[in-house]
Amino acid sequence: MNKIKSALNNFFKIEERGSSIGQELLGGLVVFLAMIYILPVNSFMLGNLEGASVGGVFVATAVSAAIATLIMGLFANLPVGLAPGMGVNAFFTYTVVMQIGFSYGEALACVFISGVIFFIISITNLRSMILKAIPKSLKCAVGAGIGGFITFIGLKNAGIIVSNPATFVGFQGFIGADGAFSWEIFTLVTLAFVGIILVLVLGNLKNKISRFAIIISMMVVAILSGILNACGLNTPGFIGENLASLSFNTSIWQGFVDLFTNTKHLALLLPITFAFLFVDFFDTAGTLMAVGNAANLVKEDGSLIGDKRALMADSIGTVVGACCGTSTVTSFVESTTGVESGARTGLSATTVGVLFLLSLGIYPIFNVFGSVMINGVAYSPVTSLALVYVGSLMFKQVFDINHTDVAEVSAAFVTIIGMILCYSISYGIAFGFLTYIVIMCATGRAKDVSKTLYALSIVFLGYIVLDMII
């Protein structure tokens, strides 16, 4: 036993970083519990796409999270958990597939390519060039905009926000398709309201329970839903799935064939791939610095210990996830909960990775996290609360926008509102970049804009034009 402790200590530098094996294992468990909500949320978000399955996405989510996190722990030695990211999975589902019309496999191919590019960026100086090219306000606006976007999706999935012929969108009001009050809809929407209120309250409590606000709230609503289902109401229930339905998805390979034989989709490959890359790159960079600062793992020059290896782990996770059948894998800011519990090394991440692999065994209970169809509308009372809560956390980045610079404020506003109203993350980024450049040029500050940002804006302008005319 002493030899094992000594080997772990030497490999992970546990004592050197002021931690202990017990703290690392506890930190890993805490991070896993804070991240586990991604299993049902991602599975039901992507699993209902044509060509996908809930069981297949569940496997892809668990396996890609496990592999990426194990690499982060064993190779980068950082206490960071990774999994398919919130926000980018919404972009994958609602923009790339549902709005633009890419098949599930074609979207996976774009994710794969973005992961390969991310890996190249990780091992070269391109990462510092890109980080410096885009103003902080635009980076924050993208994060805040995605927060607003997935919150809107969460409210829509909850059945709280619906289409309205007079105002485009409006409050549900518990009314059925016949215009009369519906107890079925009332029950489902009320469950969603309960979950959203509960997660917001728990998340804002000034104690340790706030770390697990999402999973606690999801379990409470799931239990309530299961009880109501057992009483004969039309809510998600605990009817078990068969473990045999778990399998890897191979849609990506056909996706590559379809992508490179479809003229319209091939023309949109570059901007869509960059949108995947952009969101992942800056989300990861921000998360790593947040975890690094909390764990005192930032060097004197401001860089993170093992940052290159951390980015490599993230990019490899994305490539693996695409091959398995899920959207972009990224570093989770929930990793800070492990740091708060004392984790400082990759042993905690290794623990998270192992737990994600073991989570494959809990799949049979996941029906309760699903949705109920009423008049062609899907109601998801359990998972919608996670979208709303994570969206609210991401939206906090709006406070980091430079409010003294009109160009940055205007571009940030257009980015955020563009994502929500256009129902598209890529459109929001495109409009925001273009707005910033136009204002900078109009105010005589064209030289202050980096050449890299000009190039990226041209790519997104081409995307808008191609998407309209092809």
Side-chain angles (χ1 to χ4, degrees), residues 45 85-102 107 110-111 114 130 133-156 161 168-169 268 270-283 285-286 327-328 330 387-388 390-403 405-440 449 453-468:
M45 184 178 289
M86 292 291 289
V88 71
N89 56 1
F91 173 61
F92 180 103
T93 303
Y94 298 102
T95 299
V96 178
V97 177
M98 291 187 175
Q99 186 182 70
I100 299 176
F102 275 48
C110 291
V111 172
S114 72
I130 294 175
I134 301 173
K136 180 182 177 182
S137 292
L138 284 182
K139 300 173 191 174
C140 295
V142 170
I146 292 173
F149 179 64
I150 65 174
T151 297
F152 182 79
I153 291 172
L155 294 173
K156 172 178 171 290
I161 298 297
F168 290 106
V169 294
L268 297 174
L270 182 59
I272 289 177
T273 298
F274 176 75
F276 278 123
L277 175 64
F278 180 91
V279 175
D280 186 22
F281 184 76
F282 288 106
D283 185 49
S327 53
T328 305
T330 188
L387 294 170
V388 174
V390 174
S392 71
L393 295 180
M394 295 180 71
F395 196 76
K396 291 191 297 185
Q397 295 179 55
V398 73
F399 296 109
D400 295 323
I401 294 171
N402 179 11
H403 297 285
D405 189 310
V406 176
E408 294 189 20
V409 171
S410 300
F413 171 75
V414 170
T415 300
I416 295 169
I417 205 70
M419 287 186 188
I420 299 171
L421 297 185
C422 296
Y423 211 69
S424 170
I425 291 174
S426 53
Y427 266 122
I429 295 174
F431 290 145
F433 279 19
L434 293 171
T435 298
Y436 179 74
I437 288 178
V438 169
I439 294 177
M440 291 295 284
V449 180
L453 188 58
Y454 278 118
L456 295 177
S457 298
I458 291 172
V459 170
F460 275 112
L461 178 60
Y463 161 69
I464 294 173
V465 173
L466 288 171
D467 192 38
M468 289 190 297

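Bear in mind that the values here come from a model prediction, so they are computed numbers and not experimental data. The first residue in the sequence is number 1, and the count goes up from there.
- Scanning both residues, Ala107 and Phe102, for their nearest heavy atoms gives N-CD2, 4.3 Å.
- Atoms CZ and CZ, from Phe91 and Phe149 in turn, are 8.5 Å apart once rounded to the nearest 0.5 Å.
- Among all heavy-atom pairs drawn from Gly432 and Ala411, the shortest one is O-CB, 3.5 Å.
- Between Ala412 and Leu138, the shortest heavy-atom contact is N-CD2, 4.3 Å.
- Asp280 places no side-chain N or O within donor-acceptor distance of the main-chain N or O of Phe278, the cut-off being under 3.5 Å.
- Expressed to the nearest 0.5 Å, how far CD1 of Ile161 lies from OG1 of Thr151 amounts to 11.5 Å.
- Using a 4.5 Å heavy-atom threshold, the side chains of Thr415 and Tyr436 count as separate.
- Just one residue in the list Ile439, Leu461, Ile458 forms a side chain to side chain contact (heavy atoms under 4.5 Å, CB included) with Leu434, and that residue is Leu461.
- Closest non-hydrogen pair, Ile146 versus Gly87, comes out as CG2-CA, 3.4 Å.
- The minimum heavy-atom distance linking Leu453 with Ile437 is given by the pair O-CD1, 3.9 Å.
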* List the steps and the verdict of side chain to side chain contact (heavy atoms under 4.5 Å, CB included) for Leu456 and Phe433. => CA-CA 8 Å; Leu456 295 177; Phe433 279 19; 4.2 Å; yes

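- Annotation: side-chain contact (heavy atoms from CB on, under 4.5 Å) contacts of Ser137 (sequence neighbours excluded): Ile401, Asn402, Glu408.
- With values rounded to the nearest 0.5 angstrom, Asp405 atom CG is found 13.5 Å from Lys136 atom NZ.
- You'll find the side chain of Phe92 stays beyond 4.5 Å of the side chain of Thr328, heavy atoms only.
- The backbone N or O of Ala90 lies less than 3.5 Å from no partner atom in the side chain of Thr95, so there is not a single donor-acceptor pair.
- Within a 6.0 Å sphere centred on OH of Tyr423, other residues, nucleotides and ligands contribute more than 12 heavy atoms.
- With values rounded to the nearest 0.5 angstrom, Ser424 atom OG is found 14.0 Å from Met98 atom CE.
- To the nearest 0.5 Å, atoms CZ (Phe431) and CE (Met419) are separated by 11.5 Å.
- Nearest heavy atom pair, residue Val398 against residue His403, reads O-NE2, 3.6 Å.
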